[in-house]
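A quick write-up on the structure given underneath.
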Amino acid sequence: EIIEANQILATMAVTDRLTGLLNRGEIQKRIAERMAQNPAEVHLIMLDLDDFKSINDQYGHYAGDAVLKGVSAVIREMETERKCTGGRWGGEEFMILLEDAEDEEAAAVAEEIRRRIAARMFPESRQVTASLGVTRAEENEHVDRVIGRVDRALYQAKAEGKNTVRCL
């Protein structure tokens, strides 16, 4: 019983309670570990839901939570199809660690995630869209620099009209 309880606590410590994805600390740790092994095989995809505040304002936080869970389901689908790991970065932002992919593949994975989110119907029969940034880690690059670059790619996607993918 103690071993089982410890396993449950260990899982809870690294999991976002609402979405069931990894929490920010754990996804960041896994990115750093993977980059230490072979940075050239690491791509990051950062996702931010477009106009998410309006969902909470118009439909309530319950509907917003349902959207976050639905987006998490899309990310989990991708985890089963591709060698990637998703985590909730914060609020309505998510980070995906994609391994063993070429640049074009990483962009295609991000586009597929964007497409699936846009095609999914959420509470109140509302369509939700997402903006995504994609980048590849470079040799001898610090993890914070890669995260900063994927963040810039994401905000470039937002600035260019949302519901799109941008690569840096």
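- For Lys53, the side-chain hydrogen bond (donor to acceptor under 3.5 Å, both in side chains) criterion is met by Asp57, not counting sequence neighbours.
- Partners of Arg115 under the salt bridge (Lys or Arg N to Asp or Glu O under 4.0 Å) rule, at least two apart in sequence or in another chain, are Glu112.
- With sequence neighbours excluded, the residues forming a side chain to side chain contact (heavy atoms under 4.5 Å, CB included) with Lys83 are Glu99, Asp100, listed by chain and number.
- Pairs of residues two or more places apart, or lying in two chains, that qualify as salt bridge (Lys or Arg N to Asp or Glu O under 4.0 Å) and include a residue from residues 35-46 are Arg34-Glu41.
- In terms of heavy-atom proximity, Ala101 sits nearest to Arg82 at CB-NH2, 3.4 Å.
- With sequence neighbours excluded, the residues forming a salt bridge (Lys or Arg N to Asp or Glu O under 4.0 Å) with Glu160 are Arg166, listed by chain and number.
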message: Let's go through Val109 and His43 carefully: what are the C-alpha distance in whole Å and the side-chain angles of both, what is the deciding distance for side chain to side chain contact (heavy atoms under 4.5 Å, CB included) to 0.1 Å, and is it a yes or a no?
response: CA-CA 11 Å; Val109 168; His43 281 84; over 6 Å; no

- request: List the steps, then state whether side chain to side chain contact (heavy atoms under 4.5 Å, CB included) holds for Met46 with Leu132.
  value: CA-CA 5 Å; Met46 192 173 204; Leu132 295 92; over 6 Å; no

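- When the side-chain hydrogen bond (donor to acceptor under 3.5 Å, both in side chains) test is applied to Arg136, the partners found at least two apart in sequence or on another chain are Asp103.
- When side chains are defined from C-beta on, Val71 counts as touching Leu47, because their heavy atoms get closer than 4.5 Å.
- Every residue two or more places apart in sequence or in another chain that forms a side chain to side chain contact (heavy atoms under 4.5 Å, CB included) with Lys29 is listed here: Glu26, Glu33.
- From Ile27, atom CD1 reaches atom CD1 of Ile96 across 8.5 Å, with rounding to the nearest 0.5 Å.
- In this structure a side-chain-to-backbone donor-acceptor pair under 3.5 Å is present from Thr19 to Leu21.
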For residues 85-92, dump all side-chain donor-acceptor pairs below 3.5 Å to protein atoms at least two apart in sequence or in another chain.
unit_1 : atom_1 : unit_2 : atom_2 : d
Arg88  : NE     : Gly91  : O      : 2.9
Arg88  : NH1    : Asp16  : OD1    : 3.4
Arg88  : NH1    : Asp16  : OD2    : 3.3
Arg88  : NH2    : Gly91  : O      : 3.0

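- For Ala73, the side chain to side chain contact (heavy atoms under 4.5 Å, CB included) criterion is met by Arg76, Arg120, not counting sequence neighbours.
- When every heavy atom of Gly133 is checked against every heavy atom of Val150, the shortest pair comes out as O-CG2, 3.4 Å.
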query: Would Leu22 and Met95 count as a side chain to side chain contact (heavy atoms under 4.5 Å, CB included) if you check the C-alpha gap in whole Å, the side-chain angles of each, and the deciding distance to 0.1 Å?
result: CA-CA 9 Å; Leu22 296 177; Met95 184 73 77; over 6 Å; no

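- Separating the CD1 atom in Ile45 from the CG atom in Leu97 is a distance of 9.5 Å, to the nearest 0.5 Å.
- The side chain to side chain contact (heavy atoms under 4.5 Å, CB included) test with Asp50 is passed by exactly one of Ile55, Ile117, Thr129, Val128: Thr129.
- Within the 4.5 Å cutoff, side-chain heavy atoms of Asp65 are placed close to those of Leu18.
- Proximity of Lys158 to Asn163: side-chain heavy atoms (C-beta onward) are nowhere separated by under 4.5 Å.
- Remark: Asp151 engages no residue in a side-chain hydrogen bond (donor to acceptor under 3.5 Å, both in side chains) (not counting sequence neighbours).
- Arg24 CZ to Phe94 CZ: the interatomic distance, rounded to the nearest 0.5 Å, is 13.0 Å.
- The two residues Ala107 and Val134 have their closest heavy-atom pair at N-CG1, 4.4 Å.
- If you take SG on Cys167 and CZ on Arg149, they are separated by 11.5 Å, rounding to the nearest 0.5 Å.
- Atoms CG and CD, from Asp48 and Glu93 in turn, are 4.5 Å apart once rounded to the nearest 0.5 Å.
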query: When you look at Val146 and Thr135, which way does the side chain to side chain contact (heavy atoms under 4.5 Å, CB included) test go after all the steps?
result: CA-CA 7 Å; Val146 180; Thr135 199; 3.8 Å; yes

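- By the side-chain hydrogen bond (donor to acceptor under 3.5 Å, both in side chains) test, Glu104 is found to be paired with no residue, residues two or more places apart in sequence or in another chain being considered.
- With rounding to the nearest 0.5 angstrom, the OG atom of Ser131 is 7.0 Å from the NZ atom of Lys162.
- In this structure Glu81 satisfies the side chain to side chain contact (heavy atoms under 4.5 Å, CB included) test together with Glu77, Met78, Arg116, sequence neighbours excluded.
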